[in-house]
Amino acid sequence: MRRISRFLPLTFLAGISGLLGCLGIPDSDELAELADEDVGASEEMLVARPAARLILTDSVIARLKARAAAGDAAWTALKKRCDDYTTGTMHPPNGSTYPGYPNVGQGYQGDEYPPVVRALGICYRVTTDTAAQARYGEAGVRLLEAMSTPVASGGQKPSTDLGYGIRNYVVGMAFGYDWLYPALPAATKTRLVASMNAWIDWYDESGLIKNDPIGNYFAGYYLAKTAAALATEGENAKASVYWNDVVTRMWGQLVKPKFTSMMGGGGWPEGWGYGGRAVLYMVEALWATRTATGLDWWKELPLARDEATYARYFTWPSLKHMDDQGTIRAGINMRPSAALFLGLATMLEQQGDTSAAVARGFAADVIAAAGDDSAPWSRFLYGDTGAAKSGYQSTGLSHFAAGPGHVGMRSSWDRTAVWGALSGGAYINAAYSGEQMFNAGGLSVVVGDQPVLMNATGWLPQNCGNACENLVNDDSYGKSQRRLHNTFFVDDASNRYNPGQNSLSPADSKAHVERYEDRGAFVRARATGLEDQYGSPTVKPVSQFTRDVVFFRPGSFVLFDRTTVAKASADQWMSFHTPVAPRQVTTADATQRRFDVVVGSALVGSVRALLPKSASTTTTMLPASMARLEVHAPVRAAAQQWLTVVSAGATPGEQTRLSSADGNVIAGNVVGVELSAPQNQVVLFSADQAATGAVSSAEYLVSQTAAEHVLVDVAPSSSGYAVTAVASGGKWRIRVSAGGALQVSGPSKTLSFKVSATGAVTAGSSTPPTSTPTPPSPPTEPAPPTPATPTEPAPPAPSGTAQTLTFTQGVNGYTGVQDLSISSMNYSSSNPVGTVYRTNDVLLADTRRYSTKALIRFDVSQIPTTATVTAARLDVTFESWVGPQVLNGNFMKTPWSYSSATLGFASGGAGSNWTAPGIGSGDVQGPTFQFLNIDASGYQRRSIALDPGSVQRWVRSSAANQGLVLANSATGKDLRICSSEVANTARRPTLSVTFQ
């Protein structure tokens with residue numbers, strides 16, 4: 001346990017949510033006692049100087065020093081780097097960008113700086129050579145001063161690329177400030193603090209996705225603000241303010257709830273081109289919080305474990321590629337990142353997590369297969385060759401990540417195994433970040449390192465450079481047809497993204513993986529609600545899309561899809577992207593369509609369409625030899641059923657469709673397929689179109705051979721099921737009926753059994769089924785942690801019966817709404833009011849030639865001041881003819897007067913000017929909120945949960961009720977909000993408050 005030599009300043013203690021209670025100042029005897037023993041309370045205190053606060057604890061440094069003394073190869077390489085850097089020139093941002101080793105320039109928006117800062121910082125802390133330490137410190141000072149060059153003197157503007165560089169500049173300066181602290185002159189510290197504050201202040205006001213944690217921009221912002229606050233506390237007047245925001249908003253309101261609901265099980269929706277660094281930054285922020293303050297957020301969010309597990313299961317069997325479902329830039333090879341795996345393994349070790357050894361064992365195999373991409377500092381800090389390793393080959397063969405809705409499955413852990421992935425969730429990346437791809441329902445399949453079905457948006461940029469990156473971007477955001485995915489499509493002009501998918505989040509989409517189980521011989525998963533990923537919340541070209549996948553090990557993927565569309569006459573199809581043009585092969589059943597994937601002279605897989613019968617097909621060639629196979633419904637109808645088998649490997653074998661129309665289903669509403677290779681397997685699905693029904697009996701004919709049978713959507717029965725196999729005309733006549741020893745797998749409703757070559761029936765795989773997952777709930781904004789400085793007594797504990805009041809102007813006699821818009825139109829020093837719109841039927845929130853924001857306040861005096869608010873919701877109606885758009889909301893702090901003649905762009909009209917014209921950051925308080933994915937469908941009613949604690953303040957005191965401000969940061973997009981004056985009361989803003 002860490003030891004400390006002094007207490008944290010009280011201003012900072014207040015910033016960690018009052019966890020420390022009442023503290024006295026220790027006298028010299030008490031300090032001596034603290035120095036002589038491990039003190040549990042130190043886990044809630046800021047580490048004292050000159051020790052490092054961020055990550056490099058005493059125990060970590062001791063381990064690194066021991067490795068260095070033992071001649072660790074990673075230390076030798078890192079020390080050589082540090083020695084060379086001491087002779088290099090450190091160029092400021094306006095200097096040479098890539099000056100050549102050992103000189104250092106900013107590279108791409110500062111990305112060349114942090115690895116050098118971290119290298120010098122570790123060398124400075126680890127070396128026992130005082131002369132070398134001085135050289136490392138001096139080189140670090142020169143580099144930090146170059147990085148912190150003021151903008152006026154050639155420094156980087158924080159606004160460049162909407163703040164992208166904060167992940168490099170502030171992260172690098174914060175770690176440099178902390179790790180090189182004893183070497184920094186006072187003037188350098190002052191310069192660094194000023195530069196970091198300028199970056200953070202700009203990003204707090206204007207940075208991209210500052211309020212959405214699932215994105216690479218936010219990951220850089222989160223680590224930057226966390227590290228800067230912790231590193232500079234005591235010498236930065238703003239550090240406590242920054243830390244309070246990290247605790248209350250960034251962690252409490254954003255990261256913890258949204259990662260819990262949307263990222264459970266791991267993953268990174270933007271793809272692993274961005275994901276490796278973003279994941280490490282998020283976990284490093286939690287680690288730095290723990291080492292600096294003792295707050296163990298790792299226990300509240302198992303992020304490192306989830307990410308290490310996900311990355312292991314979504315690496316191809318060859319260990320040479322990672323699954324690529326997000327944006328991949330040209331020239332990026334998607335080899336698995338040793339830096340990611342080693343970093344996560346180290347952080348798991350620091351948590352005492354038993355999975356650390358498995359993560360490190362997997363990292364060792366990745367390095368052997370794909371190489372080590374770690375920077376020298378990372379290889380030394382995270383690549384401890386003496387740390388425990390264990391094999392992962394005995395772990396399960398599939399993984400379900402409920403947050404993103406991904407299932408990864410494989411035949412074995414061999415390097416030549418079959419691997420597949422189903423993507424069944426909603427869009428969880430910030431829509432206006434736009435790095436997640438539009439492939440809900442998509443399936444990818446690989447054998448070893450050879451793709452059979454591929455994520456085209458990842459493969460193309462890797463294999464044909466900038467032209468293909470542009471092609472993917474045009475498909476996603478130019479023409480916005482979003483065709484490059486292995487999923488369902490419908491040609492319907494009402495769909496803005498015709499024929500592909502939208503970017504609706506779990507707040508507006510029910511898409512999720514509803515069922516998942518791994519029974520050893522097979523994996524079964526169902527993605528449902530996928531229809532919500534088409535069209536908009538109000539325009540639904542697809543009213544149903546449910547995809548069932550049964551993966552029979554070793555290499556058969558059976559897909560059963562049920563779709564229903566709004567326009568029955570529309571062309572509908574399933575797409576499959578293959579690495580080469582698939583070759584059509586004649587089948588014994590002329591109503592089937594078989595396409596083999598032959599790479600060179602080797603058959604690597606096959607795609608066979610069994611339903612709809614006699615489908616029409618088209619093949620479209622794409623760059624890098626890739627092709628798209630489309631299977632179109634031959635008869636257009638609103639409802640369709642699709643049965644497809646994707647075979648991985650060189651022996652696809654014959655396949656027989658099973659259905660009543662084919663004469664081999666005698667009884668029961670089921671449909672499916674019998675597979676003859678690489679081994680005999682049978683799967684039958686309930687043919688219920690709605691995918692809500694279940695069968696309780698079935699009778700069908702199959703080949704008289706040994707096979708594993710899987711029946712999907714069988715009604716659970718306490719009396720079990722009996723199965724018999726009777727020879728009939730050279731076939732087995734299989735009868736499934738109620739009352740027997742075989743059991744359905746609970747809520748997953750799967751019945752599996754084996755039929756031997758002699759007709760003996762036994763239970764299916766003995767591997768116990770995995771429980772059906774509970775779909776993640778849309779994120780809500782929880783009440784914030786206890787504020788640093790309480791402004792009011794804590795409310796009494798909730799008691800009594802909850803009740804809800806709704807407030808809408810003109811409804812049930814309520815007249816308590818005040819709303820208006822302020823604008824910079826006509827604003828000047830001689831006209832500080834600008835233009836104010838008070839009685840219009842719309843509220844304006846635009847950034848065009850003029851900036852306009854809306855203010856709205858509800859009188860909540862009907863709620864007793866002693867009541868405890870447990871939930872609150874704001875409903876508004878938007879008018880939008882472009883999209884997507886985002887409306888940002890804040891709780892107002894600065895008083896404003898609706899009727900004042902001075903209310904406007906410069907002043908609230910209640911005795912105080914805004915902190916900045918048009919309402920600045922100092923005029924708002926509490927957590928922010930956002931209406932996301934406002935589309936181009938015109939009028940649309942939307943809801944957002946409001947922070948109950950902030951609404952509680954309104955209830956307690958009318959003076960504290962300054963309402964809300966609504967702003968649209970997008971430039972050039974019209975967005976109107978129906979006001980309390982609009983004639984249609986159903987479109988007026990409504991506040992709903994639940995209290996006890």
Inset, instruction - Would you tell me whether Glu517 and Ser745 have side-chain atoms, one donor and one acceptor, within less than 3.5 Å of each other? - result: yes
Legend entry - Point-to-point distance, once rounded to the nearest 0.5 Å, from OG of Ser423 to CD of Gln436: 7.0 Å
Inset, instruction - Find the distance between OG (Ser606) and CD (Gln655) and round it off to the nearest 0.5 Å. - result: 7.0 Å
Legend entry - Between CE on residue Met322 and CG on residue Asn333, distance to nearest 0.5 Å: 12.5 Å
Inset, instruction - Quick one: do Arg524 and Thr750 satisfy side-chain hydrogen bond (donor to acceptor under 3.5 Å, both in side chains)? Show the steps, please. - result: CA-CA 9 Å; Arg524 184 243 168 147; Thr750 305; 3.1 Å; yes
Inset, instruction - Determine whether Thr327 and Met437 make a side-chain contact, defined as any pair of heavy atoms from C-beta on separated by less than 4.5 Å. - result: yes
Legend entry - Contact summary for Pro716 and Gly746, nearest pair of heavy atoms: CG-O, 3.8 Å
Legend entry - Residues Arg608, Glu654; criterion salt bridge (Lys or Arg N to Asp or Glu O under 4.0 Å); working and verdict: CA-CA 10 Å; Arg608 186 185 293 234; Glu654 194 49 67; 2.9 Å; yes
Inset, instruction - Just do the side chain to side chain contact (heavy atoms under 4.5 Å, CB included) check on Met263 and Glu307 with the steps written out, would you? - result: CA-CA 9 Å; Met263 293 290 289; Glu307 293 297 346; 3.7 Å; yes
Inset, instruction - Could you verify whether a donor N or O on one side chain and an acceptor N or O on the other, from Trp642 and Thr563, lie under 3.5 Å apart? - result: yes
Inset, instruction - Tell me yes or no: between the side chains of Gln544 and Arg562, is some donor less than 3.5 Å from an acceptor? - result: no
Inset, instruction - Assess the side chains of Asp373 and Ser337: does a donor N or O sit below 3.5 Å from an acceptor N or O? - result: yes
Inset, instruction - Go through the side-chain N and O atoms of Glu630 and Thr620 and say whether any donor and acceptor fall under 3.5 Å apart. - result: no
Legend entry - Nearest-0.5 Å distance, CZ of residue Arg547 to CG of residue Leu559: 4.5 Å
Inset, instruction - In sequence, state the C-alpha distance, the side-chain angles, and the governing distance for Leu443 and Val445, and then conclude on side chain to side chain contact (heavy atoms under 4.5 Å, CB included). - result: CA-CA 7 Å; Leu443 179 74; Val445 176; 4.0 Å; yes
Inset, instruction - Could you tell me whether the side chain of Asn486 and the main chain of His577 form a donor-acceptor pair under 3.5 Å? - result: yes
Inset, instruction - Count the heavy atoms of every other residue, nucleotide or ligand shown that sit under 6.0 Å from NZ of Lys320, and state whether that count exceeds 12. - result: no
Inset, instruction - Any chance you could measure Leu484, atom CG, to Asn455, atom CG, to the nearest 0.5 Å? - result: 10.5 Å
Legend entry - salt bridge (Lys or Arg N to Asp or Glu O under 4.0 Å) assessment of Asp662 paired with Arg657: CA-CA 7 Å; Asp662 289 286; Arg657 183 176 52 246; 2.8 Å; yes
Inset, instruction - Measure the spacing between CE of Met454 and CG of Asp323 and express it to the nearest 0.5 Å. - result: 11.5 Å
Inset, instruction - Classify the ring geometry between Phe685 and Phe560 as parallel (under 30°), tilted (30 to 60°) or perpendicular (over 60°). - result: parallel
Inset, instruction - Could you tell me whether the side chains of Ser686 and Asp713 share a donor-acceptor contact shorter than 3.5 Å? - result: no
Inset, instruction - Check whether any side-chain N or O of Thr651 sits under 3.5 Å from a backbone N or O of Gly653 as a donor-acceptor pair, and report yes or no. - result: no
Legend entry - side chain to side chain contact (heavy atoms under 4.5 Å, CB included) partner of Val279, the single match among Leu344, Asp306, Leu303: Leu344
Legend entry - Heavy-atom check, side chain of Phe488 versus side chain of Asp561, under 4.5 Å: no
Inset, instruction - For the residue pair Phe551 and Phe557, categorise the inter-ring angle as parallel (less than 30°), tilted (30 to 60°) or perpendicular (more than 60°). - result: parallel
Inset, instruction - Please report the shortest heavy-atom distance between Trp732 and Ala757, naming the atom on each side. - result: CZ2-O, 3.4 Å
Inset, instruction - Determine yes or no for a side-chain-to-main-chain donor-acceptor pair under 3.5 angstrom, with Ser703 supplying the side chain and Thr705 the backbone. - result: no
Inset, instruction - Check whether the side chains of Thr587 and Asp589 place a donor and an acceptor atom closer than 3.5 Å, and report yes or no. - result: no
Inset, instruction - Please examine the side chains of Met409 and Tyr313, heavy atoms only from C-beta on, and report whether any two atoms are closer than 4.5 Å. - result: no
Legend entry - Student check: side-chain heavy atoms of Glu708 and Lys754 closer than 4.5 Å: yes
Inset, instruction - Kindly check if the number of other-residue, nucleotide or ligand heavy atoms within 6.0 Å of CZ (Arg415) is above 12? - result: yes
Inset, instruction - Take Thr528 and Glu514, measure what side-chain hydrogen bond (donor to acceptor under 3.5 Å, both in side chains) needs, and give me the verdict at the end. - result: CA-CA 6 Å; Thr528 188; Glu514 179 184 60; 4.9 Å; no
Inset, instruction - If the plane angle is over 60° it's perpendicular, under 30° parallel, otherwise tilted; pick one for Trp316 and Trp459. - result: parallel
Inset, instruction - Decide yes or no for Gln501 and Val542: does some side-chain heavy atom of the first lie under 4.5 Å from some side-chain heavy atom of the second? - result: no
Inset, instruction - Would you sort out whether Asp518 and Arg553 count as a salt bridge (Lys or Arg N to Asp or Glu O under 4.0 Å), showing the intermediate values? - result: CA-CA 11 Å; Asp518 190 333; Arg553 294 187 169 101; 3.0 Å; yes
Inset, instruction - Determine yes or no for a side-chain-to-main-chain donor-acceptor pair under 3.5 angstrom, with His399 supplying the side chain and Gly265 the backbone. - result: yes
Inset, instruction - Taking the side chain as every heavy atom from C-beta outward, state whether Trp413 and Arg312 have any atom pair closer than 4.5 Å. - result: yes
Inset, instruction - Verify the distance criterion only: is there a donor paired with an acceptor across the side chains of Glu674 and Asn664 at less than 3.5 Å? - result: no
Legend entry - Leu711 vs Val736 side-chain heavy atoms within contact, under 4.5 Å: yes
Inset, instruction - Return yes if some donor-acceptor pair links the side-chain N/O of Arg335 with the main-chain N/O of Ile332 below 3.5 Å, else return no. - result: no
Legend entry - Closest non-hydrogen atom pair between Gln689 and Gln640, with its separation: NE2-O, 3.4 Å
Inset, instruction - Check whether any side-chain N or O of Asp353 sits under 3.5 Å from a backbone N or O of Ser355 as a donor-acceptor pair, and report yes or no. - result: yes
Legend entry - Nearest atoms (heavy-atom pairs only) where Phe522 meets Ser752: CE2-CB, 3.7 Å
Inset, instruction - Name the orientation class of the two ring planes belonging to Phe438 and Tyr427 (parallel below 30°, tilted from 30 to 60°, perpendicular beyond 60°). - result: parallel
Inset, instruction - Using a 4.5 Å cut-off on heavy atoms from C-beta on, say whether the side chain of Leu643 contacts that of Val558. - result: yes
Inset, instruction - Using modelled atom types only, decide if a donor and an acceptor are shared between the side chain of Ser625 and the backbone of Pro579 within a distance under 3.5 Å. - result: yes
Legend entry - Worked check of side chain to side chain contact (heavy atoms under 4.5 Å, CB included) between Asp324 and Gln462: CA-CA 10 Å; Asp324 43 29; Gln462 292 181 70; 3.3 Å; yes
Legend entry - Considering all heavy atoms, the nearest Ile666-Arg733 contact: CG2-NH2, 3.3 Å
Inset, instruction - Take Val607 and Thr644, measure what side chain to side chain contact (heavy atoms under 4.5 Å, CB included) needs, and give me the verdict at the end. - result: CA-CA 7 Å; Val607 179; Thr644 311; 4.0 Å; yes
Inset, instruction - For the pair Ser748 (side chain) and Arg515 (backbone), establish whether a donor and an acceptor sit closer than 3.5 Å, ignoring hydrogens and angles. - result: no
Inset, instruction - Looking only at non-hydrogen atoms, find the nearest pair between Arg594 and Pro652 and report the distance. - result: NH2-CG, 3.8 Å
